[in-house]
Structures are given as C-alpha cells and as structure tokens.
Amino acid sequence: MAVSVPGYSPSFKRPPDTLRLRRKRARSHGAAASPTSEPAPRRAALAAGLPLRPFPAAAGTGRATPARRNPFARLDNRHPAAAEPPSGPGPVSAWWPAGVLDSNQENDLLWEEKFPETTITELSKTPPVSSETDIPSSESAELPVDWSIKTRLLVTSSQPFAWADHLKAHEEAQGLVQHCRGTEVTLPEHIQDTRLSTELRCAFQQSLFYWLHPALPWLPLFPRIGADRRMAGKTSPWSNDETLQHVLMSDWSVSFTSLYNLLKTKLCPYFYVCTYQFTVLFRAAGFAGSDVITAVISPTTRGLREAMKNEGIEFSLPLIKENTHKKKTSGASLGHGEEQPISDEDEEESFSWLEEMGVQDKIKKPDIHSIKLRKEKHEVQMDHRPESVVLVKGINTFTLLNFLINCKSLVATSGPQAGLPPTLLSPVAFRGATMQMLKARSVNVKTQALSGYKDQFSLEITGPVMPHSLHSVTMLLKSSQAGSFSAGLYTHEPTAVFNICPPVDKELDKETVRKELANCGLHPKTLDQLSQVPLLGKSSLRHVEMSDYTYNWRS
C-alpha cells in the first residue's frame, strides 16, 4: 500500500527540469545534505520511514558517494549503497562517483542492475515479436515461387545500398544490353566492396526492366483494378472517339497475339493481361509444374464464366472443387445425430412424393426459375472473390485468346478508363511493347538502439514487380548485403490467388524443362524457381528476412 507523503506530488515533470532542480539544491548545501537541511518533501518522506537515496556530494569534495536516486523511480524501490568499491565484480553504480554520471548513464546502470549482462545479451539476440502472430512463417534456403505482382518492395539492411544509386552512363548501357540479350550474370556469394562492383550495379539495372503495352506517359497503366480515382482528370482523347478506340484495340490485338506466339514457342516465360475488372496470367508449358500452357483468371463473375462456356472454353474452378471435396469428406465423417447437408438435386427429387399422393396441384411448388436461381446462388456469391479464380489449360488458352480479343466487356465503356485497352506486362520484348523501368531509391536514416543511434539503410522499389524481378533482386541482395536483410512486399491483391496449385498430372523432369526453356530470357536460377509447383495457395509473400544466408518468410 502506498504511503501518502505531505508535500510530495507524483505529478509528471520533465526529466531535465527535475534533475536541474536537484543539482542546484545539492550545490547550495555544499557537502552531503543533512536531514535538517534537506527540502521539505524529502524530510517528510524520511519522517514517514521511506528509504531515499541521498543527494550526490558537491563538486570538489573529492568524496565518492553512491549514485543519486532516479527521481522517476518508485519511492519504495530500494537500492543497495556502498561507500567503497567492492573487491569482486558487482554493479558499477554501487561504487562509481556520482558526479561523473549523467541521467542517461544512471538509467543504463539501473537497467544493468535489474538484468545481468547475460540477460541483456539474450534479450538483444531475441528477434522482435511480430504483431501478425496468426500468420505462419517458414525458414528455408530458397524462397517459394510467388506468381503475384508486387507494387512495392521496401528493403532494410545494416549494410549501405550505395551500389543502387548514381549509376554511370556505361553501367546503365551495359545493364540495358544485358536485359535485352538475356545475359546470365553470376555474382559471388559475398561482395567485399559493393560500391566498386560494376557487375553488381549492371545486374541491378538489368533486373529493373520490363515491357509494357500500351504506354502512355501521362497515365498510370498499372494497377488497372480500382484505378479510376488515380486516372480521374487525366486526358483521354479516345474516350469519345470510336475511330481512335478501334485503332487502339487493333494495335493491342497485334501485341497480344505476338505475346501468345512467343509463349507458345517458349521464348516468353509468362505475361499478364490487366483489365479494369480482372487479371489474366498466361504461363508457358513447364512452369508451375504443368506440361501445357496455362491461364489463370481472377476475379471472375458468373456472366464472364457463362460467356466463356458459350464460346466453348473448357475451364475449371480449382478452389470450388477443393471446397466441394472437403464438404464430401466432412459429410462422410459425420457422427450419429448429425445431419448431412442436403444437395439441390435431393431437394428437387423430394417433390416426387407429392405426385404419388395426388396432391401435387394443391401445394404450390417453386417454379423452374426459382430452382435454377437457387442452384446458381453459390456461383453469384463467389463473384469478385478469390474463390472465383478460373484455370484454363492446353489448347483452350488459344480459344481464350480469341475470346478476349473479341470480348466487348474487356474495355470499360464509361469512367476514366473508357476505351482504354488492357495493360500487357511481360519480362521480354514483344511487338508494340515499350521498355519501362522500375523506380528505385535508397535512403539512409538513424534508428535508436540500446547503445545510442545506429545507421539503418533502406532501398525502395516501386512499380509492377513481376516474379522474375523479385527473384533477381533477392539474389542481388543476398550477395551485396552479406546474407542479411529484411524486405516488406506489397502485393496487388487480385493477383495473390495466382499462387494456387494447379492439378498436376505428372511430375516434370527438371533437366528437360531447363533445356526447353533455356531461351525464354530468364536466369537459370530464376527458371528453376518458377518451374516449381506453387505452394502459397490464396496468399502471397508479405515479409522476407534473410539471416546468415537463410530465408525466413511470412505470407
């Protein structure tokens, strides 16, 4: 129970003001203050029997006294005092002259008295606890494949990013040529002086390039979903000109067909089609564990799926089939007294007993349209959700190509995106494409640590970061940052579901895949990673941390 002391106020005061006041009182009293010459609050506290630390000795007395009490500590916080330095190891504050200590040192010493040195070392080694405790983490030597598009990367490290800034003219030119020719660059595991490494700077420049169509410098063309507000007020001369819209779509169709032909001949690994409503990922045979060309569409609507069916496109709903299988499994394991969900077919057949009794005309039954709407209720509910993802395989991807070229709902008819063709994103050049570059900048800041302030370096990359760029950047960071860095990944959410695992008929031979896709423009290590079967499901990489050349990631 706290003792009420007259004249003592626990109200908050700024630390410098209180410490300055006590130093002034100590100097005015000369040597160590006697109980009769102490301030009224301290005399009242001593009279109440509360242990208080005496004021430090005045300057020039030459007598060592115990360290002064922290004025912001609790009154009943006892502190052992000793007049002489101990012979053995012990707390420094027990014998250090009080006049040498300042307020920061005193707080540090009190911390060391509470926690021994070994405890402080263990606490400093303990990784910070993440607020996202419900998100599972994993540790491995390689990152899992992530087919989503990132809008931003924020990398932090204790090593500087001087190699990412102020590239020379010949380094920019060399990086551009390396990207166009698909040159393989192999860096050592650890680079001693990154600032003088020309190979590192050229490889970083090479990893930032990508190809885009259409290219309008005044208009942001990625992302397209939910971009009406960013595009509002921008000049769009094609919005009310049908002739100009027809020219844009004709040019876009040529570029789209060129990309598919490159994909079919395995000269392009993958590409994205970004519309204002959905995004399509086309992958060449050999990627994601599939031996045929695949296309993933997300999100979709019932109207789009019905239109694809009418065009003869065979597709599957991987997440819906998975959920149906789980329901059947759970239904088979129901115990006694538990009811199994009744399907729509059973409900329709349940009306047959009315005819047997001859009362089918007296009881109102739901009409055909009501039964049909009820069957399609779950299809409408999953619209615009990750569960509506559609998978198209094999020859049906070519039919999908023709369907998208002739689909009128592919282009918005009103709003800021009216008449604007979808965005094509590719890691390699194609007909009508424009070379673009991700924006990168490095920042150096000071962060607070236990021993003061330390330098913290960060590298920010913005733009449509595709899977091959993400893998290339992580390989460069592994060599340049001595195997230690942390990265936050910001995902374009509609593309996170592209990490679902497609049905795999047979396991592909890695050597065969590597040989057939050798000319697709990717680094061999990047090719090996993207040919793996996706494991992230509906999620994507959110945080990546490397320590001692080992990845630790969260999704």
Side-chain angles (χ1 to χ4, degrees), residues 127-155 222-226 270 272 274 277-283 287-290 294-300 316-327 381-391 425 461-474 477 485-504 526 528-546 550-555:
V129 180
S130 173
S131 59
E132 301 175 350
T133 54
D134 56 336
I135 298 179
S137 61
S138 182
E139 186 174 341
S140 61
E142 292 293 338
L143 287 175
V145 58
D146 189 349
W147 286 102
S148 64
I149 305 177
K150 309 298 179 184
T151 58
R152 180 169 171 254
L153 304 181
L154 184 59
V155 187
F222 180 84
R224 296 291 296 272
I225 299 178
Y270 64 91
Y272 294 89
C274 306
Q277 284 185 321
F278 57 87
T279 306
V280 188
L281 167 62
F282 284 85
R283 289 181 293 213
F287 287 100
S290 177
T294 58
V296 189
I297 311 173
S298 175
T300 63
S316 60
L317 301 170
L319 296 182
I320 297 299
K321 287 187 176 181
E322 182 180 353
N323 294 337
T324 305
H325 176 71
K326 288 181 179 179
K327 287 182 180 179
Q381 287 179 343
M382 70 179 183
D383 286 354
H384 304 289
R385 298 173 64 89
E387 289 78 13
S388 65
V389 61
V390 165
L391 175 65
L425 292 174
I461 301 176
T462 56
V465 184
M466 290 185 281
H468 74 285
S469 296
L470 177 62
H471 187 261
S472 300
V473 170
T474 53
L477 294 172
F485 67 88
S486 177
L489 314 179
Y490 298 82
T491 306
H492 181 45
E493 290 304 328
T495 63
V497 75
F498 289 161
N499 292 314
I500 60 171
C501 179
V504 179
T526 306
D528 292 341
Q529 191 210 33
L530 297 183
S531 60
Q532 298 175 3
V533 178
L535 302 175
L536 297 175
K538 293 188 294 183
S539 61
S540 62
L541 293 178
R542 308 288 178 178
H543 182 80
V544 174
E545 185 173 355
M546 171 170 274
T550 302
Y551 287 106
N552 193 309
W553 51 270
R554 293 200 308 269
S555 61

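Applying the side chain to side chain donor-acceptor pair (under 3.5 Å) criterion to S472, with sequence neighbours excluded, gives no partner residue. Listed by chain and number, the residues in a side chain to side chain contact (heavy atoms under 4.5 Å, CB included) with Q277 are T275 (sequence neighbours excluded). Partners of T294 under the side chain to side chain contact (heavy atoms under 4.5 Å, CB included) rule, at least two apart in sequence or in another chain, are R283, S290, L391, K393. Here V473 pairs with S207, I461, L477 under the side chain to side chain contact (heavy atoms under 4.5 Å, CB included) rule; sequence neighbours left out. Contacts of P223 classified as side chain to side chain contact (heavy atoms under 4.5 Å, CB included), with partners at least two apart in sequence or in another chain: R230, H492.
Contact detail for P502 and A288: the closest heavy-atom pair is CG-O, 3.7 Å. Between W553 and L536, the shortest heavy-atom distance links the atoms CZ3-CD2, 3.9 Å. Nearest heavy-atom pair across D146 and L541 is OD2-N, 3.0 Å. Minimum heavy-atom separation, H471 to T526: ND1-OG1, 2.9 Å. For S486 against H543, the heavy-atom pair with the smallest separation is OG-CE1, 3.0 Å. Considering every non-hydrogen atom in both Y270 and P467, the closest pair reads OH-CD, 3.3 Å.
Distance NE2/H384 to CD1/I225: 10.0 Å, rounded to 0.5 Å. A distance of 5.5 Å separates CZ of F498 from OG1 of T279, quoted to the nearest 0.5 Å. In this structure, the separation between OG on S469 and NZ on K150 is 12.5 Å, given to the nearest 0.5 Å. Atom CD1 in I149 sits 12.0 Å away from atom CG in L470 (nearest 0.5 Å). Rounding to the nearest 0.5 angstrom, the gap separating the OG1 atom in T495 from the CE atom in M466 is 12.0 Å. Atoms CG and CG, on N552 and L143 in that order, are 10.0 Å from each other to the nearest 0.5 Å.
Classification of E387 and K538 as a salt-bridged pair holds, one side-chain N sitting under 4.0 Å from a carboxylate O.
Identified under the salt bridge (Lys or Arg N to Asp or Glu O under 4.0 Å) test for residues 488-503, with sequence neighbours left out: E493-R542.
V390 places a side-chain heavy atom less than 4.5 Å from the side chain of L317. The side-chain heavy atoms of F222 and Y272, taken from C-beta on, include no pair separated by under 4.5 Å. Residues S539 and N499 are not in side-chain contact: their nearest non-hydrogen atoms beyond the backbone lie 4.5 Å or more apart. Counting heavy atoms from C-beta on, the side chains of S540 and L489 never come closer than 4.5 Å.
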- Run the numbers on T474 and Y551 for side chain to side chain contact (heavy atoms under 4.5 Å, CB included), then give the verdict. CA-CA 10 Å; T474 53; Y551 287 106; 3.8 Å; yes

- Could you go step by step and tell me if T491 and T151 meet the side chain to side chain contact (heavy atoms under 4.5 Å, CB included) rule? CA-CA 6 Å; T491 306; T151 58; over 6 Å; no

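Judged by distance alone, with hydrogens and angles left aside, the side-chain atoms of S388 form a donor-acceptor pair with the main-chain N or O of T300 at under 3.5 Å.
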